[in-house]
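Take a look at the structure set out below.
Computed from a prediction, not measured in an experiment: that's the story for all the values here. The first residue of the sequence shown is numbered 1, and numbering continues consecutively from there.
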Amino acid sequence: MNQSNQNVLKPQKKLNNSQLDSAVKLFENTSIFKALLRVVFLAVIVSFCSGLYVFADQVLMQKVLPLNTDYVNNTLNSIGYFNDGLQTEIQNSAQNIKDIYGTNNGVINEITRLVNAGNSPITVFCTAISLLTGLGSAIVYSKALGFKDEKQIRDIWKNSFYNCLFFSIISTLIVLGLIYAIIPAEISNKGDPNSSQVVSDFIVRLQNKAREYAIGYCLIIVIFNLFNNYTIYYVSLLNSEGKNIIPTIVVLISNGVNILLDWVLLRYSGVLGIYGSAVATIISYVFSVILFTGYLSYKNFKNQTFMIYKNLFLKNEKLNLKMILYINGTGVASFFRNASTAIYSIVQLSIFASITYTLTHYPATYFTSIMGAVTPIYNLFFSAMIGILRGARTVISYNHGRGLTKNIYKAFWISTIMSFGYGLIFFVIGGPLLTSGSYANGGMLALFNIFPGNANYWDAVRLLNINMSQLLFYAFIISGMLYFQSVAKNYNALFTSILYGIILGVPLLYIISAIAVSANSIDIYIYAPIIISFLAGLITFGYTLWYLYLKKPSSKIKMKKIKIKKDTIHNS
């Protein structure tokens with residue numbers, strides 16, 4: 001090694017104790033259960049608050065937009081709601097038509113729910129992108145911290161930082177093109193052949209307006225998703241260093257900023273209306289990145305982190321393509337977990353749009369609108385549950401780097417039990433507790449203006465309980481993804497990640513929908529998510545246990561690690 005490289009490494013030795021102090025204190029001087037409890041608890045809060053970004057947007061759109069007179073009048077005029085005779089035709093229609101379209105607020109709420117349903121898979125795609133760059137980097141970073149290899153830690157920081165930038169730009173361009181294909185597939189514009197021509201034509205105009213708003217909303221979110229990617233990236237790497245409190249505080253603050261701006265922009269931005277929610281979200285992302293940058297700059301000054309900004313300069317050392325590919329390979333399971341779920345949602349909504357009228361004689365967007373209330377509730381609690389995966393993965397990755405097999409097994413079982421417990425609690429709170437029985441008050445459905453007594457209430461309750469029950473089975477899907485990704489078994493992790501959404505989900509949605517049409521019963525298709533999540537959980541958990549206790553894998557991560565280290569040193 002030449003003299004210049006020795007000079008680069010020399011000051012790093014002086015920083016070793018302060019830079020690794022929080023990680024060693026948490027992961028080596030604390031029991032596995034306590035380390036998991038601390039990391040997972042904070043990771044759940046961060047994930048829950050991250051999900052709250054989107055959830056707050058969707059709730060406030062439902063509650064505040066009707067107060068924005070300029071937006072309401074502009075929207076209703078553009079779809080011809082005040083045309084002569086339309087109101088009379090609506091009042092002479094079926095009860096569900098009167099309930100949904102009979103008032104100004106009812107129409108605005110219907111459009112908003114359709115927008116929520118339409119943009120949900122796009123926001124899931126954006127989250128998938130941020131997880132690939134963020135969690136992939138964090139897993140590799142955690143292992144390097146476990147090895148206490150300062151040179152490789154520094155190289156991972158540098159390469160992962162630029163990987164986040166480049167991948168964000170490329171993925172943004174791809175998703176921008178997908179928006180124009182995905183939204184029309186989800187939001188039907190077939191009208192309602194069961195109503196008069198006047199009402200049916202009006203419903204088509206309403207559906208087209210919902211498409212327009214959903215596309216515009218998604219364009220804003222996707223174009224600025226770079227800032228969300230860096231928010232998740234900073235959170236993930238700071239967690240790897242054992243710095244868990246600051247990311248939690250930053251996310252809480254930025255989430256509060258998001259909610260405040262949401263209310264202001266939705267209420268007072270005039271015809272900007274629904275787009276104000278997207279603008280508020282982007283501002284909160286930018287604010288998060290500024291806070292993290294400031295915090296890390298302070299830690300740079302105090303020599304208490306390996307995430308040193310001056311090491312990002314490219315003039316002395318080029319990027320390592322092999323390391324970038326290794327980071328992305330490690331994070332690809334997280335990407336496909338969310339991306340496959342987004343594809344699953346798109347297919348689910350498109351099938352609803354194609355079979356709803358045939359089997360129920362309701363408007364084609366009837367169940368799509370309900371899913372605009374159900375999906376945000378499910379996604380909020382699902383996001384929190386993913387926090388268990390993120391937190392436990394940090395602990396397992398670090399112990400894998402240290403070669404502590406017993407700790408890995410303990411962490412696997414404790415996190416699996418945690419996942420099921422969280423899933424059970426979230427299912428009860430979000431689903432049947434406040435929606436069913438004589439005491440039902442609508443629960444969280446009321447946040448989306450679906451109340452007991454509405455014509456669509458019990459359909460909404462059924463869909464909500466079915467979707468929330470998936471959390472129980474998803475606890476076992478998480479177990480497989482957690483183990484395989486933490487120990488860099490990338491092909492196994494990829495398999496367990498796409499099993500639910502693509503391998504089982506999409507084919508079974510088409511099969512079950514065909515059975516539903518043959519039996520002339522929409523109920524068969526409505527229960528499809530339970531069947532799919534149960535099978536995916538059973539297969540994933542069974543496969544993981546077989547791999548752990550029968551196959552008894554040997555640890556090969558050190559060979560991969562050494563190879564990357566040599567390549568890195570050679571390139572430097």
Only counting residues at least two apart or in another chain, list the ones meeting side-chain contact (heavy atoms from CB on, under 4.5 Å) with L535.
-> L504, L508, I531
Side chain to side chain donor-acceptor pair (under 3.5 Å) against Y378, all qualifying residues, sequence neighbours excluded = none
Set of side-chain contact (heavy atoms from CB on, under 4.5 Å) partners for T127, sequence neighbours left out = S130, L131, N338
Are the aromatic ring centres of Y543 and F495 under 6.0 angstrom apart?
-> yes
Keeping to residues at least two apart or across chains, list the side chain to side chain donor-acceptor pair (under 3.5 Å) pairs with something in residues 164-186.
-> S168-N229
Under 3.5 Å: donor-acceptor pair, side chain of Y483, backbone of I408 | no
Across all chains, not counting sequence neighbours, the ring-ring contact (aromatic ring centres under 6.0 Å, His included) partners of F335 are none
Mind checking what makes ring-ring contact (aromatic ring centres under 6.0 Å, His included) contact with Y295, not counting sequence neighbours?
-> none
Residue set satisfying ring-ring contact (aromatic ring centres under 6.0 Å, His included) with Y344, at least two apart, ordered chain then number -> Y500
Sorted by chain and residue number, the ring-ring contact (aromatic ring centres under 6.0 Å, His included) partners of F426 (sequence neighbours excluded) come out as F381, Y422
What residues, two or more places apart in sequence or in another chain, satisfy side chain to side chain donor-acceptor pair (under 3.5 Å) together with Y275?
-> none
Residue list, side chain to side chain donor-acceptor pair (under 3.5 Å) with S120, at least two apart or on another chain = N379
Donor-acceptor side-chain pairing of S160 and Y233 below 3.5 angstrom | yes
Could you tell me whether W157 and F161 have their ring centroids closer than 6.0 angstrom?
-> yes
What pairs with L291 under side-chain contact (heavy atoms from CB on, under 4.5 Å), at least two apart in sequence or on another chain?
-> V250, I253, F287
Can you sort out the partners of I283 under side-chain contact (heavy atoms from CB on, under 4.5 Å), two or more places apart, ordered by chain and number?
-> L261, V279
Does a donor on one side chain sit under 3.5 Å from an acceptor on the other, for E241 and Y141?
-> yes
